[in-house]
Amino acid sequence: MVLKGKDLLSIHDLSCTEVQSILDLAKELKAKQKQGIEHHLLKGKTLGMIFQKASTRTRVSFEVGMWQLGGMGLFLSSKDLQIGRGEPIRDTARVLSRYVDGIMIRTFSHDDVKELAHYATVPVINALTDLLHPCQALTDIFTILEYKGDLRGRKLAYIGDGNNMVNSLMHACAKVGMDIAVATPPEYAPDAGIVADAMADAVKAGSKITLCNDPFEAAADADALYTDVWASMGQETEQKIREKSFAGYQINADIMKVAKSDAIILHCLPAHRGEEITDEAMEGKQSVVFDQAENRLHVQKAIMALLMSDI
Ligand code: CP
Ligand code: NVA
């Protein structure tokens, strides 16, 4: 339908209806999988999965998701591909397009994904760049919807680094009419261009995006609290310096006191306990992080089916 043949590089590129269709299909496919009802929407199709960074959730959920949809996922480490020896992305895109029905990529530069999508003749899915993590953020709003029953007017508080995760969360919240309050250290604010794009959508949806430096201000009356690692993949050498800047940007018992009493805790994982989240918060009753991780499977199956099949 609307999404067939398209790429998914950024949630900002999707219409509100397209976001809704992903959430609806994810719900349907999750129910079918739980009931053991076959849903081979991608029978005989193949997804090439290029990884230039590590992954547990993304790799396994895409690969298992393709299998459950009747197709197969092909794990392609950039260490083994000729891309790792300098074969241009534009050539890789055209070659892979002759073999597979869709390409998923996790890499550093967002421009590399745009170039891949430009030259590929099959749909390309962004499975994380330094700028965005759209499949995770779509999963996160799906998870909030499952727990809260609605999204419009709800408040998500994000505490920590102004990274790929919060960029995609701002995009996602603006599409579904959720408020998002972001607290980062001043020198680690989210990308200004992404904020502007998300704010334009938020105005249309009647929702709010607020940026501040005080985690308690962001968390006040929130329905959901979210955090992510202080140093993302590729920033390992900055770990020590970041530990100083991010001290206090943590989901813990104190911050939960200012959120709504039934607020849920989300984290894209992997988590660094004792840094951006305490062990107590991760393991506590309000944490939904493992349901959230599971939902990567269901939401990405919906994305793949919508981009790669005739449904
Ligand atoms: N959340 C997430 O993308 O996890 P992985 O890095 O394990 O894929
Ligand atoms: N911001 C993190 C997300 C990992 C899923 C990173 O890019 O490493």
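Both ligands and their constituent atoms are indexed starting at 1 by order of listing.
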For this session: Collect the protein residues that have a non-hydrogen atom under 4.0 Å from ligand 2 and hand them over in chain and number order.
Result: L128, H133, N163, N164, D228, S232, M233, L269

Problem set entry | K257/D254 salt bridge by N-O under 4.0 Å criterion | yes

Exercise. In chain order, what residues pass the ring-ring contact (aromatic ring centres under 6.0 Å, His included) check against Y119, with sequence neighbours excluded?
Worked result: none

Problem set entry | N/O donor-acceptor pair under 3.5 Å between K175 side chain and V19 backbone | no

Exercise. Around ligand 1, what residues show up once you keep those with a heavy atom under 4.0 Å from it?
Worked result: S55, T56, R57, T58, R106, H133, Q136, C268, L269, R296

Problem set entry | Heavy atoms from other residues, nucleotides or ligands near CD of E280 exceed 12 (cutoff 6.0 Å) | no

For this session: Would you list the pairs meeting side chain to side chain donor-acceptor pair (under 3.5 Å) in which at least one residue belongs to residues 143-154, sequence neighbours left out?
Result: K30-E146, T143-N295, E146-N295, Y147-D291, D150-R154, R154-D223

For this session: List the steps and the verdict of side-chain hydrogen bond (donor to acceptor under 3.5 Å, both in side chains) for E294 and H298.
Result: CA-CA 7 Å; E294 176 191 327; H298 309 299; 2.7 Å; yes

Problem set entry | side chain to side chain contact (heavy atoms under 4.5 Å, CB included) partner of I83, chosen from I105, T92, L116 | T92

Exercise. With H39, which of Q33, K301, E28, K32 fulfils side-chain hydrogen bond (donor to acceptor under 3.5 Å, both in side chains)?
Worked result: K301

Problem set entry | Working for side-chain hydrogen bond (donor to acceptor under 3.5 Å, both in side chains), residues Q239 and R242 | CA-CA 5 Å; Q239 175 69 28; R242 282 170 172 263; over 6 Å; no

